[in-house]
Each structure stands twice: as C-alpha cells, then as structure tokens.
Amino acid sequence: MTEQNQIKDTFGRTHDYLRISLTERCNLRCVYCMPEEGIKLRNKSHFMTRNEILSIATTFVGLGVKKIRLTGGEPLVRKDAKEIILALGKLPVELAITTNAILVDQFINVFKTAGLKSVNVSIDSLIEERFNSISRRIEFQKVKKNIALLIAEGFHVKLNVVVMRHVNEDEVTDFVRLAERENVHIRFIEFMPFDGNKWEWDKKVSFNEILSAVKSEFGDDSIIKIKDQKNDTTKCFQVENFKGTFGIISSVTNPFCGTCNRIRLTADGKVKNCLFSQDETDILAAFRKNEDIEELIRTSILNKKKERGGHRDFNDDFVEDMKNRSMITIGG
Ligand code: SAM
Ligand code: SF4
C-alpha cells in the first residue's frame with residue numbers, strides 16, 4: 001500500500017477506518033435511535049449479501065483501510081452474522097463491533113476465532129426500569145450479564161452511554177464508578193440529532209457538564225487526562241487508581257472532525273462520508289453492475305466537508321431542515 005493509494009479527502013485526512021452496518025433491524029427500540037413509529041422494513045434485495053460485504057470490504061482494505069467496525073441496527077441479529085464475522089476476521093484489519101450485547105453470549109467463540117478483541121456495548125442506564133424504558137424492551141438483565149461475560153473473557157469493553165437531560169444525566173458518576181474495579185471503559189456520548197429522535201438542544205448534556213459532574217464527585221485533582229489516540233473521537237480520562245477509564249464524545253458541543261478517519265457503509269450499500277452528510281454514494285448498485293467502485297469511494301471522500309457534513313452547528317434551522325437518516329439506518 002503506497003501512501004498515494006490511500007483514501008484521502010481535500011483536507012488531507014486519510015480515511016482508514018470503515019464502519020459497516022450489517023442490518024437496519026434491531027431487537028431494541030432506543031428512543032434516541034429508532035423513530036417511535038419504527039422504520040419501513042425493506043425487501044432483502046436492497047441490502048448487501050454476505051459475499052457483497054466481503055468483496056466490498058476487501059476493496060476498502062486494498063485502499064488502505066486498517067480497521068473495520070461492525071454496527072447496525074443490531075449487527076448480531078443478522079442471520080449470517082457469524083459467517084460474516086469469521087470471514088472479515090481473515091482480512092488484515094483490526095476487527096471490532098458495536099452491539100447492544102443481547103446476543104453476545106452466543107457469539108463469544110465466534111469473536112475469539114475471528115480475532116475480534118474490542119466490543120463496544122450500548123447501555124444507557126444501570127437502573128433496570130429506566131434501561132427498559134429507554135430501549136422500549138425488557139432486556140436489561142441479559143445485557144448486564146453479557147457485559148460481565150465479555151469482561152471476564154478478557155475483551156476490551158467500552159460501554160457507550162448516550163447522556164440525555166432528565167433521563168439518565170444523574171447516572172454519570174455511577175457509570176464512572178464501574179471502572180473502579182473493572183477494566184471497563186465508559187464512553188459518554190452527547191445526544192445527537194437524527195431523523196425521528198425528537199432532538200432538542202436542551203436535551204443534550206454537554207461535555208463540560210459531564211466532566212463537572214465527575215470532578216465534583218471524585219475531586220478535581222483525582223481526574224487524570226489520558227493522551228488521546230491519533231484519530232480518537234473521545235476525550236479520555238481516568239479517576240486516579242481506577243482500573244478502567246471514562247471518556248466523552250462531544251459531537252454536538254465540540255466536534256472532532258479535524259482528525260476524522262471514518263467512512264460509513266450502510267446496510268443497503270451506500271457510502272456516507274460523514275454521520276451528518278446528506279450525500280450518499282450507492283456502491284452496491286455500482287458493484288452489482290460490475291462498475292469500478294474504487295473511483296466512487298474516492299470521489300465520495302473527496303466530497304467530504306470539513307466539519308459535520310457542512311453544518312456549522314446544530315441550531316434549530318439545521319434540525320428543522322435535516323434530511324438525514326435515522327441513526328438505526330446509518331450505523332452509529
Ligand atoms: N445496536 C448497536 C448498539 O446499540 O450498540 C449498534 C448500533 S447503534 C446505532 C451505535 C451507537 O450509536 C450506539 O452506541 C448508540 O448509543 C449510538 N447512538 C444512536 N443514536 C444516537 C444519538 N441520537 N446520539 C448519540 N449516539 C447515538
Ligand atoms: Fe438498536 Fe443500537 Fe439503535 Fe438501540 S442504539 S435501537 S440497540 S441500533
């Protein structure tokens with residue numbers, strides 16, 4: 001792989017991290033992700049088959065992609081998730097997954113065989129009733145058990161928590177406390193606007209508020225800033241003497257676009273060059289017509305805007321005019 005062959009945008013950012021959504025379906029209905037009325041389920045032919053995922057992923061690897069994260073919808077509800085994970089595990093990439101963990105116990109050995117070591121799990125409350133109300137399903141116990149299983153089995157486990165005003169903001173410090181004895185990494189995510197999730201500026205809890213809550217609980221002096229990784233979207237910290245860490249993803253109040261290296265491939269085979277971009281490039285249609293998808297991928301990334309898909313900030317106009325997909329159909 002020469003540097004010339006890598007996927008670069010006009011701002012000099014190299015794109016070597018691909019997030020593949022395996023499905024738009026899910027066994028939860030999280031309020032911030034899935035519109036209340038649900039989403040229109042489409043015929044299977046609209047979505048990438050296992051072989052198409054593999055071939056397209058292999059093309060990306062040829063263009064310098066070094067990391068692939070599987071997401072969704074819930075990636076593990078896909079019937080051939082096992083075969084896809086095992087096949088992608090053979091590519092020369094770091095393979096990771098973001099999951100709600102409900103089915104994780106059935107996949108532990110698949111993860112191990114595929115060499116998948118890093119698992120991000122979404123959990124927005126440690127209070128059973130609240131978790132069930134946010135996710136509109138009754139799966140708390142299963143999720144909790146499977147997080148414990150992942151930790152016991154030695155996976156690198158991050159817990160994704162979308163922090164929402166008057167919903168779970170009072171649990172920030174309880175989540176951080178989980179990292180006291182367990183090697184677990186808490187990632188607080190500012191609530192972001194997507195189609196159908198009734199986002200309002202006041203519903204997000206900001207980076208500053210989250211950090212202040214942790215500082216006032218554990219003491220200003222015990223919070224250690226950890227050096228950020230090159231393309232990390234998270235500002236990472238550790239409470240002194242804690243085993244795990246915590247971090248904040250501030251896409252709303254302080255975006256991290258400057259070092260973005262991410263490309264998203266939706267389950268229906270569209271390349272999205274940014275979570276917030278409205279442009280999509282239909283790689284799957286081109287692939288099915290035997291067209292050159294490398295050129296399409298490069299062009300999509302060349303069209304990438306500097307910040308947040310070209311939106312300067314999330315003001316009311318942006319939210320009103322938003323013609324983005326709902327998160328469940330993007331793959332977070
Ligand atoms: N089903 C899997 C899960 O929940 O982990 C993977 C897909 S989910 C769309 C990926 C991530 O996006 C989750 O961590 C979820 O919390 C996050 N997410 C979804 N909607 C969001 C929103 N409106 N704001 C911030 N994060 C969001
Ligand atoms: Fe499903 Fe994940 Fe969206 Fe929740 S956040 S509805 S688990 S895809």
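In listed order, ligands and their atoms are each counted from 1. This one's a predicted model, so the numbers in the text were calculated from it and none came from an experiment. Computation of the quantities below employed the complete heavy-atom set of this structure, encompassing side-chain atoms and omitting hydrogens, waters and symmetry-equivalent molecules.
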Legend entry - side-chain hydrogen bond (donor to acceptor under 3.5 Å, both in side chains) partners of Q141, counting only residues at least two apart: E128
Legend entry - Any residue meeting side-chain hydrogen bond (donor to acceptor under 3.5 Å, both in side chains) with D292, in chain and number order, not counting sequence neighbours: none
Tell me whether [X] reaches ligand 1 (any heavy atom closer than 4.0 angstrom to a ligand atom).
X: G73; value: yes
X: C26; value: no
X: R187; value: no

Enumerated ligand 1 atoms positioned under 4.0 Å from heavy atoms of [X]:
X: F191; answer: 23 (N), 24 (N)
X: I189; answer: 25 (C), 26 (N)
X: E74; answer: 1 (N), 2 (C)
X: G72; answer: 7 (C), 9 (C)
X: T71; answer: 6 (C), 7 (C)
X: N160; answer: 14 (O)

Return all side-chain donor-acceptor pairs below 3.5 angstrom for residues 119-126, not counting sequence neighbours, or 'none' if the list is empty.
from, atom 1, to, atom 2, distance (Å)
D124, OD1, V162, N, 2.9
D124, OD2, Y32, OH, 2.6
S125, OG, I127, N, 3.0
S125, OG, I127, O, 3.4
S125, OG, E171, OE1, 3.3
S125, OG, E171, OE2, 2.6

Inset, instruction - Taking atom CZ of R130 as the centre, report whether more than 12 heavy atoms of other residues, nucleotides or ligands fall under 6.0 Å from it. - result: yes
Inset, instruction - Heavy-atom distances under 4.0 Å are what count here, so tell me which part of T98 touches ligand 1: side chain, backbone, both or neither. - result: both
Inset, instruction - Give the contacting part of N120 toward ligand 1: side chain, backbone, both or neither, where contact means a heavy-atom distance below 4.0 Å. - result: neither
Inset, instruction - Tally every protein N/O/S atom whose distance to atom 4 (Fe) of ligand 2 is less than 2.8 Å; waters are neither shown nor counted. - result: 1
Inset, instruction - Please work out which of the three classes, parallel, tilted or perpendicular, describes the rings of F188 and F175, given edges at 30° and 60°. - result: perpendicular
Inset, instruction - Give a yes or no on whether the backbone of R29 and the side-chain of R136 come within a donor-acceptor separation of less than 3.5 Å. - result: yes
Taking atom types as modelled, find out whether [X] and [Y] have a side-chain donor-acceptor pair closer than 3.5 angstrom.
X: D279; Y: S277; answer: no
X: T14; Y: D16; answer: no
X: T99; Y: E74; answer: yes

Inset, instruction - For G73, take its heavy atoms, then give the atoms of ligand 2 lying under 4.0 Å from any of them. - result: 8 (S)
Legend entry - Of T71, L76, L22, the residue whose pairing with I97 passes side chain to side chain contact (heavy atoms under 4.5 Å, CB included): L76
Legend entry - Among K304, K305, H15, the one residue meeting side chain to side chain contact (heavy atoms under 4.5 Å, CB included) with N273: K304
Legend entry - Test of proximity, T99 against ligand 1: N or O pairs below 3.5 Å: yes
Inset, instruction - State, with a plain yes or no, whether a side-chain heavy atom of T253 is found less than 4.5 Å away from one of N208. - result: no
